[in-house]
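This report refers to the structure that appears directly beneath it.
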Amino acid sequence: RTVEPLRGYARSTPVLFGSMMLELAMERADKVDAQTRGLAELRVASRVGCQFCLDIGSAIVRKHGASPAQLRDLHRYEESSHFSDREKCVLRFADLCTDTPAPPAGAGVQELRRYFDDDQIVELAAAIAHENMRARLNHALGYGAEGFTEGGVCALPADRGTLRAVS
């Protein structure tokens with residue numbers, strides 16, 4: 001299936017090539033479980049407001065074990081009983097990495113060390129940074145949802161703080 005961002009990136013060979021190489025490299029990163037990484041990426045997409053990334057990200061993270069309740073509570077993860085302390089730590093780190101202006105260097109890393117080793121922290125930070133790039137590019141170019149969550153649950157942009165069912 002050819003998705004709109006891929007068709008758009010193809011308008012510039014260097015952008016397409018660079019994006020594909022980064023996607024392939026990040027797919028091979030395996031030090032952090034897919035569900036944890038996916039939740040962090042979905043949190044970034046939610047904060048940025050990228051409709052395409054929310055759509056595809058919600059479908060992917062559900063395949064990796066995230067519950068509909070986690071998607072429903074993504075905007076209030078701190079108070080939610082559907083996230084472990086480890087997941088909340090990761091989501092806080094995703095928020096820090098997405099904040100503008102950027103927080104002080106190394107913010108959040110000490111807390112992550114309670115749950116992750118240095119190799120895992122590097123991969124998690126790279127995944128979050130990659131999603132920031134991907135979500136911001138897709139959002140800037142206006143790429144919308146493409147029905148990946150059809151019939152299921154899809155997180156909404158953080159400023160709305162709610163959930164919708166796509167039908």
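All values derive from a computational prediction rather than experimental measurement. Side chains included, hydrogens not; waters and symmetry mates left out as well; all remaining heavy atoms used.
- Residues Arg37 and Glu123 are not paired through a salt bridge, judged by the lack of any N-O separation under 4.0 Å between the basic side chain and the carboxylate.
- Using a distance-only test at 3.5 Å, with no hydrogens or angles considered, a donor-acceptor pair links the side chain of Lys88 to the main chain of Ser80.
- The main-chain N or O of Glu87 is found under 3.5 Å from a side-chain atom of Ser84 such that the two form a donor-acceptor pair.
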Residue pair Asp95, Arg43: steps toward the side-chain contact (heavy atoms from CB on, under 4.5 Å) verdict: CA-CA 7 Å; Asp95 283 346; Arg43 180 66 182 166; 2.7 Å; yes

Derivation and outcome, side-chain contact (heavy atoms from CB on, under 4.5 Å), residues Leu22 and Met133: CA-CA 11 Å; Leu22 189 51; Met133 188 265 323; 3.9 Å; yes

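- When side chains are defined from C-beta on, Met20 counts as touching Leu6, because their heavy atoms get closer than 4.5 Å.
- Looking at Gln120, its side chain does come within 3.5 Å of a backbone N or O of Lys31 through a donor-acceptor pair.
- A 4.5 Å side-chain heavy-atom check between Cys89 and Arg86 finds every atom pair outside the cut-off.
- Without hydrogens or angle criteria, Arg62 side chain to Leu71 main chain gives no donor-acceptor distance under 3.5 Å.
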Verdict with reasoning, Gln35 to Gln70, per side-chain contact (heavy atoms from CB on, under 4.5 Å): CA-CA 11 Å; Gln35 180 180 337; Gln70 286 179 309; 3.4 Å; yes

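- Side chain of Gln51 to backbone of Ala145: no donor-acceptor contact under 3.5 angstrom is found.
- A chain of hydrophobic side-chain contacts below 4.5 Å, direct or via other Ile, Leu, Val, Met, Phe, Trp or Tyr residues, connects Leu112 to Val32.
- Identified under the side-chain hydrogen bond (donor to acceptor under 3.5 Å, both in side chains) test for residues 104-119, with sequence neighbours left out: Arg92-Glu111, Gln110-Arg113, Arg113-Asp118.
- Both Val44 and Leu124 are assigned to one and the same hydrophobic cluster, defined by single-linkage of ILVMFWY side chains at heavy-atom distances under 4.5 Å.
- In the hydrophobic clustering of this structure, Leu74 does not group with Ile128; members are Ile, Leu, Val, Met, Phe, Trp, Tyr whose side-chain heavy atoms approach within less than 4.5 Å, directly or through other members.
- Between Leu39 atom CG and Phe83 atom CZ the span is 6.0 Å, to the nearest 0.5 Å.
- Taking 4.5 Å as the limit, every side-chain heavy atom of His139 sits out of range of all side-chain heavy atoms of Leu54.
- Distance check, rounded to the nearest 0.5 Å: OG1 of Thr100 to CG of Asn132 gives 7.5 Å.
- Minimum heavy-atom separation, Cys53 to Ala135: SG-CA, 3.6 Å.
- Within the 4.5 Å cutoff, the side chain of Thr149 has no heavy atoms near those of the Val153 side chain.
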Stepwise side-chain contact (heavy atoms from CB on, under 4.5 Å) test for Ser58 and Leu42: CA-CA 7 Å; Ser58 293; Leu42 190 60; 3.8 Å; yes

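- Across all non-hydrogen atoms, the minimal contact from Ser46 to His75 is OG-CE1, 2.7 Å.
- Put simply, Val90 and Val61 are part of two different groups of oily side chains (I, L, V, M, F, W, Y) that touch within less than 4.5 Å, one to the next.
- Contact check on Arg134 versus Glu131 returns a salt bridge, with a Lys/Arg side-chain nitrogen under 4.0 Å from an Asp/Glu carboxylate oxygen.
- Of all the heavy atoms in Pro5 and Asn138, the pair that sits closest is CB-OD1, 3.6 Å.
- How far OG1 of Thr36 is from CG of Leu91: 9.0 Å, rounded to the nearest 0.5 Å.
- With Val3 as the partner, the side-chain contact (heavy atoms from CB on, under 4.5 Å) test is satisfied by one option alone out of Tyr9, Phe52, Tyr143: Phe52.
- Note on Val15 and Met21: separate hydrophobic clusters, where clusters join Ile, Leu, Val, Met, Phe, Trp and Tyr whose side-chain heavy atoms are under 4.5 Å apart, directly or indirectly.
- Smallest separation of non-hydrogen atoms from Ala126 and Met26: C-CE, 3.8 Å.
- If you take CZ on Phe148 and CD1 on Ile56, they are separated by 4.0 Å, rounding to the nearest 0.5 Å.
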